[in-house]
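Single-structure report; data block below.
First the proteins, then the strands, lettered A, B, ... as listed; each starts at 1.
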Number of protein chains: 2
Amino acid sequence: MKSTEPACQYELKAARDAMEVIQGKWRVPIVISLTYGKKRFGEIHRDIPDISPKMLSQELKALEENKLITRTLYDSMPVTVEYALTPLGMSLRELLNELRNWGKYFRNEIIGQL
Amino acid sequence: MKSTEPACQYELKAARDAMEVIQGKWRVPIVISLTYGKKRFGEIHRDIPDISPKMLSQELKALEENKLITRTLYDSMPVTVEYALTPLGMSLRELLNELRNWGKYFRNEIIGQL
DNA sequence: TATCCTGGTTACCCGTTGGTAACTACTTAC
DNA sequence: GTAAGTAGTTACCAACGGGTAACCAGGATA
């Protein structure tokens, strides 16, 4: 009996890399919010009303460290900050599409039956 | 200023549904292992050497509850148990592909630069 | 002078996730 | 009798993720 799939190991590592970046309750929602265009802190917050400022700030930092978003500070009258997806962040589009598609499918198949 | 994207709310919910099912350190690896065909407990364990039997058992139960996999017990000489993807589980293929593709891309773009 | 807007930070707490080690039960092989 | 392979279970514990509430600073507005 084959003990393991050799190719499997490499595929597993790639999937884990991706999950590490996406993992957690808030990163996917934040990135999705930014796919509609650059936004300010408060605008993202209004897109995701149940996130606390602490988590939003923390997760934005993590996304910036992973080069998925940029943070731009404007020295306007009431200091404004704009967050935007980098090309790398935008490259998540397809993955996020699949995520949403499958989420809808799953809801119809399983959750809908309850 | 627009306070929120109306369509965004529905999209966010779908993505969250999907993430809830996939979330955690081990579910994606387990499902990927099973995309290579039905497997026994020990075979999955050999595909994912760093998972403990406790976690493997626990996550297999969770995946079964979400109707992604089936568990079949065979009354053979040394009791064997086979896990296999359901059609719903197989419907994750595209999502998992995107996950792996993006993981490889991310590794090249970011991790590779370090 | 007080309040609101901007965009956060800090301290504290709790529940879940996941890790380790040991143990179970049955059968076959040495 | 002892080990090894089947498929797990149990108890105990540490770390992290995330929630709440309060607070901060600067400028504008009333």
Closest to the side chain of B:P53, out of D:dG8, C:dG8, C:dG18, is D:dG8

N/O (side chain, A:Y74) to phosphate O (OP1/OP2, D:dG27) under 4.0 Å
no

Taking only side-chain N and O atoms of A:K61, does any of them lie within less than 4.0 angstrom of OP1 or OP2 on C:dT9?
yes

Determine the minimum heavy-atom distance between B:G24 and A:Q23, stating which atoms define it.
N-OE1, 3.4 Å

Indicate the atoms forming the closest heavy-atom contact of B:P53 with B:F41, along with that distance.
O-CZ, 3.8 Å

Degree of bending in the helix from C:dT1-D:dA30 to C:dC30-D:dG1 once both end axes are built from five pairs, to 10°:
20°

In whole angstrom, what separates A:Q58's CD from D:dC16's P?
12 Å

Taking only side-chain nitrogens and oxygens of A:S57, does any of them come within less than 4.0 Å of OP1 or OP2 of C:dT9?
yes

Quick one: which of C:dT6, D:dT6, D:dG8 gets closest to the side chain of B:Y83?
D:dG8

Under-4.0 Å side-chain N/O to phosphate OP1/OP2 contact, A:R40 with C:dG8:
no

Please name the residue in the list A:K104, A:R100, A:R107 that meets the salt bridge (charged side-chain N to carboxylate O under 4.0 Å, His left out) test with B:D17.
A:R107

N/O (side chain, B:T80) to phosphate O (OP1/OP2, D:dT6) under 4.0 Å:
no

Can you find a side chain N or O atom of A:K54 that sits less than 4.0 Å from OP1 or OP2 on D:dA21?
no

Check this for me: does any side-chain nitrogen of one of A:R16 and B:D50 sit under 4.0 Å from a carboxylate oxygen of the other?
yes

More than 12 heavy atoms of other residues, nucleotides or ligands under 6.0 Å from CZ of B:R93: is that the case?
no

Which whole-number value in Å describes the distance from A:L73 CG to C:dT6 P?
15 Å

From the candidates D:dG18, D:dT20, D:dA7, the one with an atom nearest any side-chain atom of A:S52 is D:dT20

When the nearest nucleotide of DNA chain D is assigned to A:S76 and to A:D50 on a heavy-atom basis, which residue is associated with the more 5' position?
A:D50

Among the candidates C:dG8, D:dA7, D:dG18, find the nucleotide nearest to the side-chain atoms of B:V81.
D:dA7

Protein-nucleotide distance (A:E82, atom CD; C:dG7, atom C1'), rounded to Å:
14 Å

So that I can tick it off, tell me whether B:R27 and B:E59 are bridged by a salt bridge, with the cut-off set at under 4.0 angstrom between side-chain N and carboxylate O.
yes

With a 4.0 Å cutoff (strictly under), does any side-chain N or O of B:R27 reach OP1 or OP2 of C:dG18?
no

What nucleotide among D:dG19, D:dG8, C:dG7 has an atom nearest to a side-chain atom of A:W26?
D:dG19

To the nearest 0.5 Å, atom CG of B:L99 lies from atom CD of A:E11 at 11.0 Å

Of all the choices, D:dG18, C:dG18, C:dG7, which nucleotide is nearest to the side chain of A:M55 once you look at every atom?
D:dG18

